[in-house]
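Just so you know, these numbers use all the heavy atoms, side chains as well, and skip hydrogens, waters and symmetry mates.
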Amino acid sequence: MTFEQILYTVDGHVATITLNRPERMNALTRILEAELRTAIEQAGRDEAVRAIVLTGAGRAFCAGMDMEELEVLPPEDIRAEQWMRPFDMNRRADYQTRYSYFPAAPKPVICAINGAAAGLGLVMALYSDFRIASDKAVFATAFAKRGLIAEHGISWMLPRIVGHAHATDLLLTSRKIDAPEALGMGLVNRVVPAERLLAEAQALASTLSAEVSPRSVRVMKRQLWEAPYQSLGEAVTLANAEMVESIRSEDFTEGVAHFIERRPARFSGR
């Protein structure tokens, strides 16, 4: 389909989604928000796609919500019917809200943070599976400086990634941090030179698409995002059930065969 405020391309097994409002630092609008969710869900359904790269055009990843829209935002916007999707009984309710749908995508989402990631831009990065930052990236929660609160589950996500002390600091002060500090607190997986950012993200996506089983990645992503709601016993029970299905799968057969035959893997994802 045609998009107005994002770019969507597929190269091999990798879908790349680019927030495309560089003149506004890719600030979110209602259009961009809706298009992004449509694109991620489209990539999730596409059998050819095995990994998703999310980045921004120009000098920013996403500077948060567009101030022109924020200025006139109705207080009840968060409850507006237009943001509500049909409830899927086969998916955890926690991952069906306005921004928490990234974990429900059956493909890994790699966030290539090319510049400023503030407010909702940071929220989207946190819901991704991998965060690779340019050495020019900066991060801020920003909410307290706008008279807002910790939105869209960031008070749940951020402490799980950087710890309670760092989360308290970043949320209450709204201060900006640079890429090295973000790496030091575990907010991002790695920092790379700006000119290599997209290549590094797409190389990781290619590895996930070819060198490991897409089926295994899909199941393990679900296990990881289910774990915060499980006891150890429940996690083991789920793993045992999935292990049976894994051994029955084509990818398990191929995983053993390519090792024995000393050749590159040819995983089907089934």
Validation: residues 184-191 side-chain donor-acceptor distances under 3.5 Å, sequence neighbours left out:
unit_1	atom_1	unit_2	atom_2	d
Asn189	OD1	Arg131	N	2.7
Arg190	NH1	Glu200	OE1	3.1

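Note that OG1 of Thr38 is 10.0 Å distant from CD1 of Ile17, once rounded to the nearest 0.5 Å. Summarising the geometry, atom CG belonging to Leu208 is positioned 11.0 Å from atom CZ belonging to Arg50; distances are rounded to the nearest 0.5 Å. Rounding to the nearest 0.5 angstrom, the gap separating the CG atom in Leu171 from the NE2 atom in His164 is 10.0 Å. One distance of note links CE of Met124 with CD1 of Ile113; it measures 10.0 Å at 0.5 Å rounding. Between the OG1 atom of Thr16 and the CG atom of Leu54 there is a distance of 9.5 Å, given to the nearest 0.5 Å. The distance from the OG1 atom of Thr55 to the CZ atom of Phe61 is 7.0 Å, given to the nearest 0.5 Å.
Remark: Glu33 does not engage Arg37 in a salt bridge, criterion side-chain N to carboxylate O under 4.0 Å. Under a 4.0 Å N-O distance rule, the pair Arg270/Glu47 does not qualify as a salt bridge. Comment: Lys221 engages Asp129 in a salt bridge, judged by a side-chain N to carboxylate O separation of less than 4.0 angstrom. The pair Arg248-Glu245 meets the salt-bridge criterion, with a side-chain N (NZ, NE, NH1 or NH2) lying under 4.0 Å from an Asp/Glu carboxylate O.
A donor-acceptor pair is defined here as one N or O able to donate and one able to accept, closer than 3.5 Å; such a pair exists between the side chain of Ser134 and the backbone of Lys136. Although no hydrogens or angles enter the test, the distance criterion places a donor-acceptor pair under 3.5 Å between the side chain of Lys107 and the main chain of Gly44. The closest donor-acceptor contact from the side chain of Glu242 to the backbone of Ala239 lies at 3.5 Å or more, if one exists at all. No donor-acceptor pair closer than 3.5 Å links the side chain of His13 to the backbone N or O of Val49. Under the 3.5 Å distance criterion, the side-chain polar atoms of Thr141 are matched with a main-chain donor or acceptor of Leu170. Remark: the backbone N or O of Val138 is not paired with any side-chain donor or acceptor of Asp178 at under 3.5 angstrom. The closest donor-acceptor contact from the side chain of Asn26 to the backbone of Ala60 lies under 3.5 Å. With Ser216 contributing its side chain and Val212 its backbone, the two residues share no donor-acceptor pair below 3.5 Å.
In the hydrophobic clustering of ILVMFWY residues, with side-chain heavy atoms under 4.5 Å counting as a link, Ile154 and Phe139 come out together. One hydrophobic cluster, built from ILVMFWY side chains closer than 4.5 Å, cannot hold both Phe130 and Ile52; they sit in different ones. Transitive grouping of hydrophobic side chains (ILVMFWY, heavy atoms separated by less than 4.5 Å) brings Ile177 and Leu172 into a common cluster. Residues Leu148 and Met157 share a hydrophobic cluster, clusters being chains of Ile/Leu/Val/Met/Phe/Trp/Tyr side chains in contact below 4.5 Å. A continuous path of ILVMFWY side-chain contacts below 4.5 Å connects Ile260 to Phe252, so both sit in one hydrophobic cluster.
A 6.0 Å sphere centred on CG of Asp11 holds no more than 12 heavy atoms belonging to other residues, nucleotides or ligands.
Of all heavy-atom pairs between Gln230 and Glu226, the closest is CG-O, 3.4 Å. Of all heavy-atom pairs spanning Ala15 and Val10, the tightest one is CB-CG2, 4.1 Å. Residues Val53 and Ala205 approach most closely at CG2-CB, 3.9 Å, considering heavy atoms.
Proximity of Thr97 to His152: side-chain heavy atoms (C-beta onward) are nowhere separated by under 4.5 Å. Ser206 places a side-chain heavy atom less than 4.5 Å from the side chain of Val14. Counting heavy atoms from C-beta outward, Tyr95 and Trp225 have side chains that approach closer than 4.5 Å. Within the 4.5 Å cutoff, the side chain of Leu19 has no heavy atoms near those of the Gln5 side chain. Looking at heavy atoms from C-beta onward, Tyr8 lies out of side-chain contact with Asn20 at the 4.5 angstrom threshold.
Taking the six-membered ring for Trp and the full ring otherwise, the centers of Trp156 and Tyr229 sit less than 6.0 Å from each other.
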Can you list the steps and then say if Gln96 with Tyr101 is a side-chain contact (heavy atoms from CB on, under 4.5 Å)? CA-CA 5 Å; Gln96 297 188 56; Tyr101 60 90; over 6 Å; no
So His258 and Phe267, ring pair (Phe, Tyr, Trp, His ring centres under 6.0 Å) or not? Walk me through it. CA-CA 9 Å; His258 87 83; Phe267 291 116; 5.8 Å; yes
Applying salt bridge (charged side-chain N to carboxylate O under 4.0 Å, His left out) to Glu250 and Arg215, what does each step give before you reach the verdict? CA-CA 9 Å; Glu250 292 180 13; Arg215 184 186 182 282; over 6 Å; no
Apply the test salt bridge (charged side-chain N to carboxylate O under 4.0 Å, His left out) to residues Glu181 and Arg175: give CA-CA distance (whole Å), side-chain angles for both, the deciding distance (0.1 Å), then the verdict. CA-CA 12 Å; Glu181 185 173 3; Arg175 70 183 182 90; 2.6 Å; yes
Show, in sequence, the C-alpha distance, side-chain angles and deciding distance for His166 and Ile161, and conclude whether the side-chain contact (heavy atoms from CB on, under 4.5 Å) test is met. CA-CA 9 Å; His166 287 310; Ile161 293 172; over 6 Å; no
Would you sort out whether Met220 and Gln223 count as a side-chain contact (heavy atoms from CB on, under 4.5 Å), showing the intermediate values? CA-CA 5 Å; Met220 286 193 286; Gln223 287 178 282; 3.6 Å; yes
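In this pair, Tyr127 and Phe102 present their aromatic rings tilted. The plane angle is within the 30 to 60° band.
Side-chain N/O atoms of Ser268 and Glu254 include no donor and acceptor closer than 3.5 Å.
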